[in-house]
Every structure is written in structure tokens, then in C-alpha cells.
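Computed from a prediction, not measured in an experiment: that's the story for all the values here. We name chains A, B, ... by the order of the sequence lines, and we start the count at 1 in each one.
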Amino acid sequence: MSLATKYSPAEVEDKWYRYWMDHGLFHSEPDPNKEPYCMVIPPPNVTGVLHMGHMLNNTIQDVLVRKARMEGKEACWVPGTDHASIATEARVVAMLREKGIKKSDLTRDEFLKYAWEWRKKYGGIILEQLKKLGASCDWDRTKFTMDPDYYEAVIDVFIDLHKKGHIYRGLRMVNWDPVGKTALSDDEVNHKEVQSKLYYINYALADSDNQFVTIATVRPETIMADSAVCINPKDERFKHLKGKHVRIPLIDKIIPIIEDEYVAMDFGTGCLKVTPAHDMNDYELGKKHNLEVIDILNADGTLNAKAQIFVGEDRFIARKKIAKELEAKGLLAKVEDYKSNVGHSERTDAVIEPRLSLQWFLKMDVITKPALENVMNDTINLIPPKFKNTYHHWMANVRDWCISRQLWWGHRIPAWYAPDGTYVIAKTREEAYSQISNHILIEDLKQDEDVLDTWFSSWLWPMAVFDTTIFKGDANNKGNKDLNYYYPTNDLVTAPEILFFWVARMIIAGYEYRGKMPFKNVYLTGIVRDKQGRKMSKSLGNSPDPLDLIEKYGADGVRSGMLFSSPAGNDLPFDEKLCEQGRNFSNKIWNAFRLVSGWETHEGKIQDTDLVAIAWFESKLNQTLTELEDHFSKFRISDALLTTYKLIWDDFCAWYLEMVKPEFGKPIHKDTLLKSIDFFERILKVLHPFMPFITEELWHELKKRASNDCLIVAAWPKAKPVDEKIIKEGGFAFEIVGEIRNFRNGKGMSPKEPLTLIVKPGEQNLINSFWPLIGKLSNLKDISFTTSPVASATGFVIKTTEFFVPLEGKVDVAKEREAILKELEYQRGFLAKVEKKLTNEKFVNSAPPHVLETERKKKEDAEMKIKSFEEALGKLKE
RNA sequence: GGGAUCUUAGCUCAGCUGGUUUAGAGCACUACCUCGACAAGGUAGGGGUCGAGGGUUCGAAUCCCUCAGUUCCCACCA
């Protein structure tokens, strides 16, 4: 045999990927005669590099799309990238900093030029990496969220939603990232428990120098922005303070004491400093009580002139200095250690500053209605369904979406301001000018400096990848051919952490602009973790490089490795061992091929054993196909793979091939070989979605084929009727084989030593056609049948059939006795349990007949076995 | 604090509306095996009182309650 004993994936994988590409096998065009199957990729960040999360996610997508393609559907998987404004801008800024260039020294246009250069250089990397994985995307359709037409679509949507009254500009308390100098949505803020200090500060009463009110705060640097001190009106302790005023320490400003039940009496001192400009709750409180809003912070987190003191200092430095000064003046009553949850920027990790600013918002109340409804009524399925709860909770309590970001990289907000501060929404300066009635110069119009939130563009993804012209609010535009054919798409595979960021918003946009769901099924993958359960991340350095893994185990090995243990919605604790298992599986198949490809044929009479083996595997295969269909229909991808794995490794290799394998050097019957190749082809088909490369390779090795006869487009095998009887017989036969092998094993006998088997058939014995195969598989020189107990022979019992293996002088009586006694004990215990049930009148009266019958059968079987073991024990004494 | 989810062999998970031989799989583990497809392998084996405690029922891993823990989401009392 000239083929290597080990399969080497490297050349094979590159060869076939190129072949599929060259023959346009990933490309899809609308075909009215075929059912569409469409999926859009969750667009990775344009600056991204493939990580394990992408590997899992895209492997699942590729499995789904490859299966659909083989099922004869017009399968289209649209790839692309996301401009990811915050992440990309951060990368570009960092790159410029390395070159010694500050973003603040550049004009917007200069900066964008750098950004586009960066994008050109690194933007395609991740897509190239996906090719290594085997992703069968329609690369002709690759889309980018800042392609010119896509850009225009995003602006159209802004204009349209503004026209509909869903977008407004407002003063709102937003999460301000002083490092990124940008507002963040609530979702981009991580709350972390931080060890901080609670400062107890004395505020002197305005009309008295020696009477104080003590408040507790973690942010002494904001006292200069206080507008009031608040107490609970029910608080008996502070009755005397009602209507009075206090002086803010250090700046001596007089502020009122107000009353509100919002104040918790049992927390801190029961007195609250109210700082409307720098705290969400205080802002609300301030609105209610008409308090002055004093913003003492600059955009970068330093104190401004309104603070009066420590102007220009960073907020955290000012905190320390103020504490020190308070202490020096004896106004600091005490300091306690205190754990509190502090918001941090998801991107820069800076401590979030609640800040009032003018932002653009999308009203979510009306626009989200269909999106909530159609998930709750299962028009759109979330897989696993447990996410419905979370989804409902989020959608029912959704807040208006802050869609503006203080960045340059992104879709610039199409708002144009006149010098007097009024504004109009328009796509171009000219259009904007035409809407303005004031007498100003066109050059005086200034466009909003901000860009839109990234998700405000990616929420259009399932529509915009096909048609970017439908967002102008033009009811006559019904969309192009592609959109109408592929939309709604079928499945979306993504991570649960972006269920709201992205999935929910795509659903919202889908209903808003198409009146239809964007996809039917949302498969939520888990998070890939390392062995210690930590999320894989660049900073921890605990993520293997996917390309290294592919090199080491082959893409097929890594793909199956990822899927061996990843039920939907559950985290995947990744272990390289899984890839090794995948690689071993490739090798197993490779060697099965080596065996089959090495057989010479003869044309004599076909052996009966071959016919039995063929009939058995045919049924087993068909049974498995049905099982697979069930798994796939429920998106149980991991189970589908494991089912395929067992079909190939156990049923095909361990049983079928062993059954038909001729003695060494002898030929096989030509029909048996043909049938074996036919089986091989069918198992390659079902394995192809999981392991596309090795299966395509063997598909061509197995037979000479025309250049267009590729496995990737071969027809998915249909399940044919299953002969249940032969499956049962096979199962019984294999059980006997196992027992005989075990019998030898237990006695330290070589498998080469032939044995004699005497069978005493029991009541429901399956008289079957497998006897000669049993002989072949377990090396028996003779099988005979009897109706009476066999003296001086050891053996075993399956169901009610007894098997005897005569062994003259080779029996270790003591050991044998021990084994039988152990078995007897088990059976007696079992019998007792069953009898207890059967003598329970209530059970006999209420249990359904089929349950009763099984219990009776259990009893018979156990009694039979006990009898047999007792006999054997008796014989051993002799 | 509110909500959700989960807890089954060493690990990762199946086990649907309670009843099919005192719970299954893959991996890991143990023993034996270089037996001519494959040691990245073969053959066989050991391993779980189904998180804990109650309850319903003739019968509970499966239904109900309590508790403990896991993970996630939301809120964020200075």
C-alpha cells in the first residue's frame, strides 16, 4: 500500500479551497426554481484578527450553509466587515501616536485619510483567515459598512427616521468617557466593583459657625458642583434642618437643604449632597426641585473654572487634594473604606463620568414594538429559547438609544447648523442650504462633528448587503431582485453578548424598512473559554492562534474540535485536545479509505456474510440519517457531529469494514467493493459540512470524476426505510461478539486462539443470519446449538439466551466463582426490586399495561439468569 | 437589590410532556494487544445514591416547595 498511514491536511486544504473558488462554487445568484438559503455573517471588525470566537461562530455557519447547499438550496453566505468606529478609531489613534502624530493636531480629513489607509492595509486580513478555515462565503458579495452605497444608506435612514419623528436631539445625562472623549451607550459601560473611600464631610449651617451637617460621598471633588443637600422629610433626626441652608466647604457657597423621600435614611449619614451635573440620580432630583446645574468638569475629566478651586486638575487628583484640604480644615469627619460599583468604559476602561451633553437619540418606544412581538410569538426563533426571557426583559424596558458618538471614523451625522444654532437635516450642504430660510452664506453652514454609533449602520446589515437603496422612505421602492429573493434570511449565528446591541436592532430595522423579520432563526453560540473557565482574551494571552491550530491539526480537525463540545448558548471550554480528537478522526477516515482502496476484486459467488453486512449497514446508515435530520432541525450541531462521528468510527469502520474485510491478501467480491464505495460516498456527504476538505479529497480519490462533480455540491443523501429487524439482530450479534472478546480478555487468552461456542437459545432468542459473522468477528471455530445445560463449560447470558464456551482445564475455579457470585448478587438485587414493584397492588392497578409487561419480562429475565448462574456455580463445584 | 438560567461519571454534555432491564454518550482513565487500514490505533473494563433537604405519585434525574451554589442580564443608595 503506497499511501502514507497518516493523513496530511495542508496541501489538500489549500488545493480544494482554490478549486472551489476557481469554479465559483460559493457564488450564489437568485434562482426562482430553487429554494433560497441565506445567511449574513456577523461582520467582524475591519481591524480584527481571527480569534477563537470567530472560529466557533464561522464553523457553525459554514456547516449550516454547506448542508443547505448540498440539499439543493440556493445557498448564499454573505461576508463582510464592520467599520467598528470606536475600536478602529482607537487603533488608528494608537498607530499615529507611535509615529509621533497626535490626533488633535490633524484635521478631520487628514485623520480620515490615515484611517482609510489603515483599513486598506489591515481590513482584509480577517477575511483571508476565514478562508483558511474553509468558510464557503460568497466572496463576490463582500460588503463593508462604510462602502459608499452603504454609507449613503445609513445617512438615508437617519434622515428618514428624523422625518418620521423618531430621532431627536436632546440634553441628556450620558455616560462620558473622558479618555475616549466620547459618549457611550449604557451597553458600552462595564460596572466593576471598586475599592474606594467614603468621605464624611461637614457642611456648616449658613446661620451658624459651629453647627454642621455631615454628608457621605465617594466623590469629594464634586462638592463645588453641589446645588443642595437633601434629607428625607420623615427623618426625625434632621427636623431642625428643614428650610435651612448650608455652606459648601472650601468655596463657602450657600445652598439650600431640601427634602425628598428618595434619600435613604439608613445609608451614610442620611444627608445627601445633590450634584445634578455629575450624577444620574442627582440630575433627576435636581430637575424635580429646580436646582441649578453646575458642570465643573471639562471633557477630559479635569476641573474647569466653575469649580473655582483646583482648576485644571484631573478629577482623581483633585479628589485627593480636596480630601487633604478638608482634613486640614477639620471638615473631614471620617473616611471609611467602601466598595462600590463604578462604571468603566468598555473600550478605554476609563471611569465613566455622568455628563450632560447634547446628543442625538432614537426613540425606542414605538419602533421596537414589532421586534418584541415577533420574537415572543416565535415568528423569529431564538436558539436556545431561554434567551427569549432576557430578550423580553430588555425590549420591554428599552431606553432611547443614544446614537451619536464623538468620533471621526464613521457615518457623519447629516445635521447642518446655522450660526444661530438652528439646524436642518440633509444629505448634502446644498440640500441643507435649500432648506434654510435665513439669509446666510452656504459656507456658514456647519455639519455636526459627530458620527453615528456603529450599530446604527450594522443594524441594516441583512438588508443593506443586498440593496442599499430602500432606506429613503420611498414606498414605491420595492427593493431589487437579490433582496426580494434572499430576504428574509434564514439563520443568523452570533454571540449572545450582542443580542441587544445587534440582533434586536436588526429585527427592529427589518420590520421598519421591510415590514419583515430579517432572519428566521437566531443561533446563539457560547463564549469560548480556556480550561480554567476564563474568557479568551488578548490581554490574558490565553487564546491560541487559530491559524497555528489549523496548521497543527488541519482546518477539518480544528472545525470538528470546536464543535465536539458546543451546544447552543453554552460556553465552550476550549481544550486543544478537542482539535487532536478532530485530527485523529481525519486520520481514521483516511485509513478506512486506505483499506477500501487497496482491495483487489473477484467475480465469484458473493458471500452470504457480505450480504448480511451490507443489509445491516444500509439500515444503520438510513437510521442515522433520520437522526441527523432531527439534530439539524433543532440546531443541535454538536450532536449531529457526534452522531456522524459514531456512524463512521463505530458502525462503518469497527463493524461494517471488519465484517466485509477479506483475509489478508485475498480479494473482495466486486459487488461488495462497489457497495462499500457507495457507503463511503454517503458517509463523506454527511461528514462534508463538518470536515469539508478531507471529504472532498476522498470523494475524488474514491472515483475518477468529472471536474464539476464535487462533493461540495453533491446531493445530500435521503433517508430510506430502515429494516428494524436487522438492526436489532446486529445489535444482538455485536453484544455476543463483545461478550466473547471479553471472555477471552478476562482469561488472558489471545484473540488468535479460536473458541467453540455452544448456544442454548432462550425464549425470545433472535435466530438470525449473523451467526457466521459472529464467528468471523470473534474468532470461533465452531458454533452449535443445544437445548440442555452444558456441563463443565463457562459462559455468559444475554437476555434469556445462554452461551457456553468449553475450556478444558483452563478454568480458574476460584476466580470464576467469584465472578459468578458477583453477577448473582446483582441479579438478585435487581429481581428483588422488580418483585417489590410487581407485588405492590397499587402499582399493578395503576400502571399502564406496557409498563407492567416490561416489569414482568424483567422478572423473567432475571429469574432465568439467576437459574443459569446457579447451575454454573453447581458445575464449578464438581 | 430585581429578573433569568443552570447544577447528571474526572471533564464536556444528552436524557422531550414522570414508567423500556437499579441513568447514556464523547473525551479522559485502567488492563491487555505491534493481530498486515489505522498506536493519531485495536479489544475490553472501571467509574454517577442525577447539588442538598422536603413534598406530590403505585412510580421522580424528570413535576412542586425550600436552601445552597453557577452563569448571564437589568438596576446601581450618595
Side-chain angles (χ1 to χ4, degrees), chain A residues 1 3 5-7 186 191 198 215-219 230 262-264 266-269 271-275 279-282 338 340-343 384 386-394 397 496-497 499-500 527 531 533 553 557 564-567 569-573 575 577-578 580-581 583-598 636 638-639 641-643 645-646 653-654 657 661 664-665 738-739 741-746 748 750-752 779 799 826 829-830 832-834 837 840-848 850-855 857-859 861-862:
Chain A
M1 211 171 280
L3 294 165
T5 58
K6 305 261 189 294
Y7 169 67
D186 290 349
H191 288 273
L198 195 56
I215 59 94
T217 180
V218 288
R219 305 202 58 193
C230 190
Y262 161 74
V263 180
D266 55 356
F267 188 87
T269 60
C271 294
L272 173 74
K273 76 195 257 307
V274 185
T275 320
D279 184 282
M280 299 269 183
N281 294 305
D282 290 12
Y338 180 70
S340 64
N341 274 324
V342 177
K386 67 176 178 186
F387 286 106
K388 261 174 85 172
N389 281 322
T390 336
Y391 183 88
H392 178 264
H393 194 252
W394 189 78
N397 298 295
E497 62 249 48
L499 183 58
F500 308 121
I527 296 164
K531 270 193 265 186
Y553 302 105
F564 272 128
S565 169
S566 49
N570 272 22
D571 287 357
L572 169 68
D575 188 336
K577 277 254 163 80
L578 293 167
E580 207 177 302
Q581 195 188 343
R583 179 203 57 184
N584 294 354
F585 186 34
S586 302
N587 205 49
K588 185 72 188 178
I589 300 155
W590 175 250
N591 278 291
F593 165 71
R594 286 178 67 224
L595 176 66
V596 172
S597 70
R636 295 159 67 141
S638 214
D639 289 332
L641 172 61
L642 209 56
T643 300
Y645 180 85
K646 284 193 270 188
C653 294
L657 289 180
K661 186 160 105 180
F664 178 67
E739 286 288 354
R741 286 168 174 172
N742 189 24
F743 181 87
R744 259 204 201 84
N745 225 331
S750 162
K752 286 177 190 162
N779 191 20
K799 310 252 183 220
Y826 174 91
F830 181 71
K833 197 188 158 197
V834 177
K837 260 192 182 176
N840 182 340
E841 247 179 71
K842 281 180 182 170
F843 170 74
V844 179
N845 291 339
S846 21
H850 73 275
V851 174
L852 259 175
E853 193 168 325
T854 18
E855 290 303 318
K857 195 167 276 170
K858 279 190 211 171
K859 188 178 168 224
D861 288 4

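For B:rC38, the OP1/OP2 oxygens have no side-chain nitrogen or oxygen of A:K6 closer than 4.0 Å. OP1 or OP2 of B:rA44 sits under 4.0 Å from a side-chain N or O of A:R741. In this structure, A:K833 does not reach the B:rU21 phosphate: none of its side-chain N or O atoms is under 4.0 Å from OP1 or OP2. At the phosphate of B:rG15, OP1 or OP2 sits under 4.0 Å from a side-chain N or O atom of A:R636. Phosphate contact (OP1/OP2 of B:rA75, side-chain N/O of A:N397, threshold under 4.0 Å): absent. Distances shorter than 4.0 Å separate some side-chain N or O of A:Y826 from OP1 or OP2 on B:rU22. Within the 4.0 Å cut-off from OP1 or OP2 of B:rA78, not a single side-chain nitrogen or oxygen of A:Y262 is found.
When heavy atoms are screened at a 4.0 angstrom cut-off, A:P848 is found touching base atoms of the nucleic acid. Among the heavy atoms of the strands lying under 4.0 Å from A:C653 is at least one base atom, whether or not backbone atoms are also near. Residue contacts for A:V263: at a heavy-atom cut-off of 4.0 Å it reaches a base atom on one of the strands shown. Across all strands shown, A:K837 has no heavy atoms under 4.0 Å from either base or sugar-phosphate atoms. Residue-level contact check: A:N840 touches the backbone only, with heavy atoms under 4.0 Å from sugar-phosphate atoms and none from bases. In this structure, A:G748 reaches neither bases nor backbone, as no heavy-atom distance under 4.0 Å exists between it and the strands shown.
A heavy-atom distance below 4.5 Å is found between the side chains of A:L852 and A:F843. When side chains are defined from C-beta on, A:R219 does not count as touching A:D279, because their heavy atoms never get closer than 4.5 Å. Looking only at side-chain heavy atoms (C-beta outward), A:P496 and A:F387 come within less than 4.5 Å of each other.
Comparing B:rC33 with B:rC72, their P atoms sit 49 Å apart, to the nearest whole Å. Distance noted for atom P between B:rC11 and B:rC76: 39 Å (whole Å). Here, B:rA37 and B:rG45 have their C1' atoms 26 Å apart, quoted to the whole Å. Nucleotides B:rG59 and B:rG19 place their P atoms 15 Å apart, quoted to the nearest Å. B:rC16 and B:rG24 have their C1' atoms separated by 15 Å, with the value rounded to a whole Å.
With the nearest nucleotide of RNA chain B identified for both A:L642 and A:A654, A:L642 has the one nearer the 5' end. Place A:Y7 and A:A216 on RNA chain B by their nearest nucleotides, and A:Y7 ends up nearer the 5' end.
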Its contact letters, B for base, S for sugar-phosphate only and - for none at protein heavy atoms under 4.0 Å, make nucleotides 3-13 of chain B read -SS------SS
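A donor-acceptor pair is defined here as one N or O able to donate and one able to accept, closer than 3.5 Å; no such pair exists between the side chain of A:N742 and the backbone of A:G738.
A salt bridge is absent between A:K577 and A:E580; no separation between the charged side-chain nitrogens and carboxylate oxygens falls under 4.0 Å.
Under the 30°/60° scheme for interplanar angles, the aromatic rings of A:F593 and A:W590 are found to be tilted.
RNA chain B forms stems at B:1-4 with B:71-74, B:10-13 with B:24-27, B:29-33 with B:41-45, B:51-55 with B:63-67, each a run of 3 or more consecutive Watson-Crick or G-U wobble pairs whose two key distances fall under 3.5 Å.
Residues satisfying the side-chain contact (heavy atoms from CB on, under 4.5 Å) criterion with A:E497, sequence neighbours excluded, are A:A495, A:I527, A:K535.
A donor N or O paired with an acceptor N or O is not found under 3.5 Å between the base of B:rC27 and the side-chain atoms of A:K577.
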